[in-house]
Student: 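Structure below; questions to follow.
Order of the sequence lines fixes the chain letters, A, B, ..., with proteins taken first and strands second; residue numbering starts at 1 for each chain. When reading the values below, keep in mind they use all heavy atoms of this one structure, side chains included, and skip hydrogens, waters and symmetry mates.
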Number of protein chains: 2
Amino acid sequence: MNQGTNPAGLPIRVLLADDQAMVRGALAALLNLEPDIEVVAQAGDGRDVVALAVAHRVQVALLDIQMPHVDGLEAAARLRTGFPACKVLMVTTFDRPGYLRAAFDAGASGFLVKDTPSSELAAAVRRVHAGGRVVDPSLAAQSLMGGSNPLTDRECEVLSRAQSGAPIAQIAAALHLSVGTVRNHLSSAIGKTGAANRIEAAHAAHEQGWI
Amino acid sequence: MNQGTNPAGLPIRVLLADDQAMVRGALAALLNLEPDIEVVAQAGDGRDVVALAVAHRVQVALLDIQMPHVDGLEAAARLRTGFPACKVLMVTTFDRPGYLRAAFDAGASGFLVKDTPSSELAAAVRRVHAGGRVVDPSLAAQSLMGGSNPLTDRECEVLSRAQSGAPIAQIAAALHLSVGTVRNHLSSAIGKTGAANRIEAAHAAHEQGWI
DNA sequence: GCTTGCCCATGACAGTTGTCATGGGCAACC
DNA sequence: GGTTGCCCATGACAACTGTCATGGGCAAGC
């Protein structure tokens with residue numbers, strides 16, 4: 001594994017996407033302290049990530065998963081097709097095991113939770129830029145333990161709408177299904193998650209990053 | 001309003017409390033770029049805030065509301081009694097109107113959401129240190145509109161336990177109440193929030209910062 | 001002292017939800 | 001071509017939930 005493709009002296013060109021302006025600015029300040037790293041673009045959501053990455057010849061994109069409109073996972077997928085030279089380092093607040101798999105499925109090269117000490121961020125950027133992979137160690141173990149998503153597509157869809165407490169009739173209407181079908185999907189999901197009702201099931205699935 | 005009590009040349013001594021290590025480190029880097037501000041202590045939750053503030057003669061404490069064990073509101077209240085010379089600037093991810101009132105009730109001098117541009121953070125620290133107040137403008141308007149919490153203490157307590165979807169029987173057991181009483185409190189809260197069931201009511205109350 | 005508001009409790013009733021059994025349609029796979 | 005798994009649907013039953021009426025205890029305020 002080499003040390004990156006940059007000519008000596010040129011810093012790694014980084015894009016930063018996070019919906020919280022203050023955090024974004026602070027991370028930029030942190031990274032710009034490193035002489036070999038330069039934040040050349042910032043975004044508050046995932047919509048403009050590809051365009052910005054192309055325009056600024058970005059080498060590493062630091063993407064938050066939770067963003068409005070277009071989230072980090074979707075943005076990573078778009079980058080892979082639209083500008084595959086750009087490496088993706090995913091950063092997230094929540095350590096949901098399912099996110100790790102989803103991130104790598106979307107083409108990410110690295111995955112960090114925001115609990116990680118800030119001192120490791122620059123190192124992660126360098127490693128990803130050099131073609132390596134970065135995985136939060138605590139999360140990796142958890143992910144191997146947890147196994148993958150046992151829920152079917154429909155169950156996920158129904159569960160995610162049940163999260164906010166909407167009555168079954170409302171979910172059924174939104175999905176153009178019969179009330180009984182929704183109840184069956186929910187019942188199945190409740191069984192798979194070991195929950196007592198659809199709300200607990202939705203929470204459990206959310207915790208795991210399944211929905 | 002004066003410019004603070006520090007002798008000329010001495011930077012403002014700041015404490016940073018945020019449960020996300022990476023964000024904490026990044027904010028520290030950001031603030032330390034300012035010549036007149038120095039981050040002298042950091043904490044990952046609210047438990048040690050008072051002790052740290054005293055030990056490092058902290059002048060402004062920057063507290064995240066969402067923290068494990070002891071949250072920012074509680075930490076602010078402890079600071080007010082334990083080390084009142086220290087000003088509190090509350091920072092939070094979520095713009096819940098009720099948080100603003102709760103923050104000032106707890107003795108905070110300022111309130112920012114993390115959507116605020118990072119460039120304004122240092123200015124807010126200076127203003128708070130100088131004895132002024134800082135309020136996120138968008139949130140202030142929202143808060144005046146929203147009015148205050150119409151829920152009784154018991155309703156809040158019951159609602160917050162209903163959030164995760166626990167069955168009523170479980171809530172009743174945890175609170176040493178009869179099932180019927182819990183149902184009555186919930187029914188009342190559902191009416192006040194205009195929700196269709198306890199889950200929606202809990203979400204609505206949470207959105208408002210009531211629970 | 002009376003009223004008001006909150007707390008707790010009970011019982012009855014209707015509506016919603018979770019479970020189960022059953023069955024048809026469809027695509028993937030051996 | 002048969003099996004398997006997912007999707008959709010229906011109907012019946014038991015359990016849970018939300019509403020309402022009613023009543024007692026208690027503290028605060030007029």
Student: Using the closest heavy atom to pick a nucleotide of DNA chain C for each, name whichever of B:Thr152 or A:Ala196 lands nearer the 5' end.
Tutor: B:Thr152

Student: Atom CD1 of A:Ile190 to atom C1' of D:dC16: distance rounded to whole Å?
Tutor: 12 Å

Student: Just the rounded figure in Å: distance from P of D:dC8 to CZ of A:Arg183.
Tutor: 16 Å

Student: Would you check if the side chain of A:His129 reaches a backbone N or O of A:Val125 as a donor-acceptor pair within less than 3.5 Å?
Tutor: no

Student: Please list, for nucleotides 20-28 of chain D, all pairs of protein and nucleotide N/O atoms separated by less than 3.5 Å.
Tutor:
from: D:dC20; atom 1: N4; to: B:Asn184; atom 2: OD1; distance (Å): 3.1

Student: With no hydrogens and no angle check, is any side-chain donor or acceptor of B:Arg13 less than 3.5 Å from a backbone partner on B:Val60?
Tutor: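 Judged by distance alone, no pair lies under 3.5 Å.
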
Student: When you measure from the side chain of A:Asn197 to the backbone of B:Gly165, do you find a donor-acceptor pair of N or O atoms at a distance under 3.5 Å?
Tutor: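 At least one qualifying donor-acceptor pair exists.
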
Student: Quick check on the helix from C:dG1-D:dC30 to C:dC30-D:dG1: what's the angle between its two end axes, five base pairs per end, to the nearest 10°?
Tutor: 30°

Student: Could you give the CG-to-P distance, from B:Asn197 to C:dG18, as a whole number of Å?
Tutor: 10 Å

Student: Measure from CG on A:Leu177 to P on D:dC7 and round the result to the nearest Å.
Tutor: 11 Å

Student: Which nucleotide in the set C:dA9, D:dT10, D:dT17 lies at the smallest distance from any side-chain heavy atom of A:Ser178?
Tutor: D:dT10

Student: Once side-chain hydrogen bond (donor to acceptor under 3.5 Å, both in side chains) is applied, what residue pairs with a partner in residues 79-92 of chain A remain, sequence neighbours excluded?
Tutor: A:Gln66-A:Thr92

Student: Do A:Glu200 side-chain atoms and A:Ala196 backbone N/O form a donor-acceptor pair below 3.5 Å?
Tutor: yes

Student: Looking only at atom types and distance, does a side-chain atom of B:Asp48 sit under 3.5 Å from a main-chain N or O of B:Ala51, one as donor and one as acceptor?
Tutor: no

Student: Quickly work out the A:Leu186 CG to D:dC16 C1' distance and round it to whole Å.
Tutor: 15 Å

Student: Indicate the atoms forming the closest heavy-atom contact of B:Leu79 with B:Cys86, along with that distance.
Tutor: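 That closest heavy-atom pairing would be CD1-SG, 4.2 Å.
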
Student: Heavy-atom contacts under 4.0 Å between residues 153-172 of chain B and DNA chain D, which residues?
Tutor: B:Pro167, B:Ile168

Student: If I take atom CG in residue A:Leu151 and atom P in nucleotide D:dC7, what distance separates them, rounded to the nearest angstrom?
Tutor: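 Roughly 10 Å, once rounded to whole Å.
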
Student: Could you pull out all residues at least two apart from A:Asp45 that satisfy salt bridge (Lys or Arg N to Asp or Glu O under 4.0 Å)?
Tutor: A:Arg47

Student: Could you tell me whether A:Asp18 and A:Lys114 have a side-chain N and a carboxylate O separated by less than 4.0 Å?
Tutor: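 Yes, charged N to carboxylate O under 4.0 Å.
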
Student: Write down the distance between CG (B:Leu175) and C1' (C:dC7), rounded to a whole number of angstrom.
Tutor: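 One finds 12 Å between C1' of C:dC7 and CG of B:Leu175, rounded.
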
Student: Please name the residue in the list B:Leu177, B:Leu159, B:Val182 that meets the side chain to side chain contact (heavy atoms under 4.5 Å, CB included) test with B:Ile171.
Tutor: B:Val182

Student: With sequence neighbours excluded, give me every salt bridge (charged side-chain N to carboxylate O under 4.0 Å, His left out) pair touching residues 148-167 of chain B.
Tutor: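 Applying salt bridge (charged side-chain N to carboxylate O under 4.0 Å, His left out) to every pair that reaches into residues 148-167 of chain B, excluding sequence neighbours, yields B:Arg154-B:Glu157, B:Glu155-B:Lys192.
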
Student: When the distance from CD1 of B:Ile199 to P of D:dC16 is rounded to whole Å, what number comes out?
Tutor: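 It is 15 Å, rounded to the nearest whole Å.
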
